[in-house]
Amino acid sequence: MIEFFLRNKGRQIDLDSTLDCGQTFRWLKDGEWWKGVVRDTVIFLKEDSEGIAVRSSSESLLGRDVHQGIEYYLGLEDDLHLIHSTLERRLRAFDLKVRTVSEKALAEASGLRILRQDSFEMVVEYILSTRNSIPMIRWMSDRLSELFPENRIDFCGESFYAFPSLSQLKRISQEALIGLKIGFRVPWLLKLFSKIETESYFSELSTLTVEEKLEELTKHDGIGYKVGSCVILFSYGELGAFPVDIWISRVMKDLFAFCGSTKKLMQFGMDSFSPYGGYYQEALFRYYRTHKLGRDLK
DNA sequence: GCCCAGGGGTAGT
DNA sequence: ACTACCCATGGG
């Protein structure tokens, strides 16, 4: 076991809002510790005012030293001061209600960071997210991982499962997926698993522009603008991506009196809050959900 | 652009 | 028990 302490050094992070805001599905809080699997490494995180205590099952993470791997994964390299001040500048173009609500939302999300997750895992999990709740997405994703005993990692007396690779999922049967209550999403996943040749297909998309990434991802069944922009934001660190779900479309109507298709709302968000629309979107999403606002809108 | 199926868990009443 | 609601997409 590797154990170390990651000092804040002025970089704020709030693990609760970062790991429980809908951008990631498999992290669980157990007492004071957040427990999760990043690729094939089990990570435990515990936060205090000085920084984050880290326990890791491996010395390396994402092809780097685990210290640097964690900093990358948690988005600690993002300059939150710059991001928030840029967003506040963009917000000056709007009226007092927009600015007031947005500033509250941003203040409450002051330690929320965008993660850099695995692109293949994000694609599969966000296809599963279609018309689904976060606990069910977590359940499906965990059961899917447990189908592969070779993915088990024992750490600190508990068992964890790494998310399956594409080559593993190519071997999975339609019946097995149906058994995981994946329902109408099964044909989308089967088509994806058979069509894509190597997992590097997804990581290679990182060199494309946001528009090109969206165009490529939405070629696949089960990936529309919402799922595609989530993958782009949460795995490629495209901080301008602006996923539009039911909550964000309520926000757009409530704050901006803006109605329209997912694509139009997404484009409005990307254009208006460039290059950090993703951070603004997460703050609004969290604010409206935690305060249960806008539910009487459509 | 509009409408609708797809399935099951769960929180609120 | 019953209802409304889930971080939508694809096809008609």
Side-chain angles (χ1 to χ4, degrees), chain A residues 17-28 105 109 112-115 117 119 121-144 174-193 195 214-236 238-239 241-255 258-270 277-298:
Chain A
S17 53
T18 297
L19 299 175
D20 191 27
C21 69
Q23 66 172 317
T24 185
F25 300 106
R26 299 187 66 214
W27 283 91
L28 266 182
L112 190 158
R113 287 176 181 273
I114 303 293
L115 299 174
Q117 299 177 82
S119 45
E121 179 175 346
M122 286 293 95
V123 166
V124 175
E125 286 175 346
Y126 275 98
I127 287 176
L128 292 176
S129 83
T130 302
R131 185 91 191 166
N132 211 345
S133 64
I134 293 171
M136 278 302 290
I137 302 162
R138 179 199 306 279
W139 186 88
M140 291 175 181
S141 185
D142 284 342
R143 297 297 89 74
L144 189 64
Q174 183 176 349
E175 291 69 30
L177 290 177
I178 290 167
L180 297 183
K181 298 172 181 173
I182 287 170
F184 58 89
R185 308 163 193 89
V186 166
W188 297 342
L189 288 180
L190 285 174
K191 197 168 169 186
L192 182 83
F193 299 156
K195 210 161 117 189
L214 266 175
E215 197 186 332
E216 184 61 32
L217 285 171
T218 53
K219 282 178 184 168
H220 303 286
D221 280 358
I223 306 180
Y225 290 107
K226 158 62 171 65
V227 170
S229 52
C230 282
V231 172
I232 287 169
L233 179 59
F234 303 134
S235 70
Y236 298 111
E238 290 279 8
L239 305 181
F242 195 85
V244 175
D245 65 348
I246 183 72
W247 290 94
I248 295 300
S249 67
R250 284 171 187 154
V251 174
M252 288 294 133
K253 184 167 184 181
D254 184 28
L255 281 189
F258 194 106
C259 301
S261 64
T262 299
K263 187 181 182 182
K264 279 187 98 168
L265 294 175
M266 179 189 78
Q267 201 62 53
F268 172 76
M270 289 204 291
Y279 267 97
Y280 181 55
Q281 187 270 6
E282 283 302 288
L284 286 177
F285 176 75
R286 193 176 152 76
Y287 185 77
Y288 270 69
R289 263 178 72 108
T290 54
H291 299 290
K292 300 188 192 308
L293 297 171
R295 300 184 83 146
D296 50 330
L297 301 161
K298 143 57 204 205

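Not measured: the values here are computed from a predicted model. Within every chain, numbering begins at 1; the chains are lettered A, B, ... in the order of the sequence lines, protein sequences first and strands thereafter.
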Point to revise | Within residues 220-233 of chain A, residues whose heavy atoms come under 4.0 Å of DNA chain C | key: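 Per residue number, the list reads A:H220, A:D221, A:G222, A:I223, A:G224, A:Y225, A:K226, A:V227, A:C230.
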
Review point. Counting only heavy atoms not in A:K264, do more than 12 sit closer than 6.0 Å to its NZ atom?
Key: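 Open: at most 12 neighbouring heavy atoms sit under 6.0 Å from NZ of A:K264.
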
Point to revise | Heavy atoms from other residues, nucleotides or ligands near OH of A:Y225 exceed 12 (cutoff 6.0 Å) | key: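 For A:Y225, atom OH is not crowded (no more than 12 foreign heavy atoms under 6.0 Å).
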
Review point. Looking at A:L192, A:V123, A:I127, which hits side-chain contact (heavy atoms from CB on, under 4.5 Å) with A:H220?
Key: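 So, applying the side-chain contact (heavy atoms from CB on, under 4.5 Å) to A:H220 and each of A:L192, A:V123, A:I127, only A:L192 qualifies.
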
Review point. Ignoring hydrogens and angles, are the base of B:dG6 and the side chain of A:R185 linked by a donor-acceptor pair under 3.5 Å?
Key: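 It does not, because no donor-acceptor pair links the side chain of A:R185 to the base of B:dG6 below 3.5 Å.
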
Tabulate protein N/O versus nucleotide N/O from nucleotides 2-4 of chain C, keeping only pairs under 3.5 Å, one per line.
none

Practice item. Enumerate, in order of first residue number, the stems that involve DNA chain B, defined as 3 or more consecutive Watson-Crick or G-U wobble pairs with both distances under 3.5 Å. Key: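 Expected stems, ordered by start: B:2-5 with C:9-12, B:8-13 with C:1-6.
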
Starting from [atom2] on [N], measure out to [atom1] on [X] and report it in whole angstrom.
X: A:N132; N: B:dA11; atom1: CG; atom2: P; result: 14 Å
X: A:M252; N: C:dC7; atom1: CE; atom2: C1'; result: 14 Å
X: A:K191; N: C:dT9; atom1: NZ; atom2: C1'; result: 12 Å

Exercise for review: Could you grab the distance from atom CZ of A:R138 to atom CG of A:L128, nearest 0.5 Å is fine?
Suggested key: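 Taking CZ in A:R138 and CG in A:L128, the distance rounds to 13.5 Å.
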
Check your understanding: Which residues pass the ring pair (Phe, Tyr, Trp, His ring centres under 6.0 Å) test with A:F268, sequence neighbours left out?
Key ->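 Expected list: A:F256, A:F258.
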
Check your understanding: Sequence neighbours excluded, which residues qualify as ring pair (Phe, Tyr, Trp, His ring centres under 6.0 Å) partners of A:Y280?
Key ->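 With neighbours one apart ignored, the set is A:F273.
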
Point to revise | P atoms of C:dC7 and B:dC3, separation to the nearest Å | key: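 Result for the P pair: 23 Å, nearest Å.
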
Check your understanding: With rounding to whole Å, what would you report as the distance between C:dG10 and B:dG1 at their C1' atoms?
Key ->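 To the nearest whole Å, 14 Å.
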
Practice item. Could you list the residues that satisfy side-chain hydrogen bond (donor to acceptor under 3.5 Å, both in side chains) with A:R143, not counting sequence neighbours? Key: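 Testing A:R143 for side-chain hydrogen bond (donor to acceptor under 3.5 Å, both in side chains), a comparison that skips the adjacent residues, returns A:E146.
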
Practice item. Not counting sequence neighbours, which residues clear side-chain hydrogen bond (donor to acceptor under 3.5 Å, both in side chains) with A:Q281? List them please. Key: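 A:Q281 satisfies side-chain hydrogen bond (donor to acceptor under 3.5 Å, both in side chains) with no residue once adjacent residues are dropped.
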
Can you name the side chain to side chain contact (heavy atoms under 4.5 Å, CB included) partners of [X], sequence neighbours left out?
X: A:S17; value: A:D14, A:L112, A:R286
X: A:T130; value: A:F184, A:R185, A:W188, A:V227
X: A:R26; value: A:E121, A:E125, A:S141, A:D142, A:S145, A:Y161, A:F163
X: A:I178; value: A:Q174, A:V186

Which of these nucleotides, [options], is closest to any side-chain atom of [X]?
X: A:T130; options: C:dT9, B:dG6, C:dC6; answer: C:dT9
X: A:K181; options: C:dG10, C:dC6, B:dG8; answer: B:dG8
X: A:W188; options: C:dC6, C:dC7, C:dT9; answer: C:dT9

Review point. More 5' along DNA chain B: A:M136 or A:K264, using each one's nearest nucleotide?
Key: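 It is A:K264 whose nearest nucleotide is closer to the 5' end.
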
Within the sub-3.5 Å range, which N or O atoms of nucleotides 2-4 of chain B have a protein N or O partner, and how far apart are they?
none

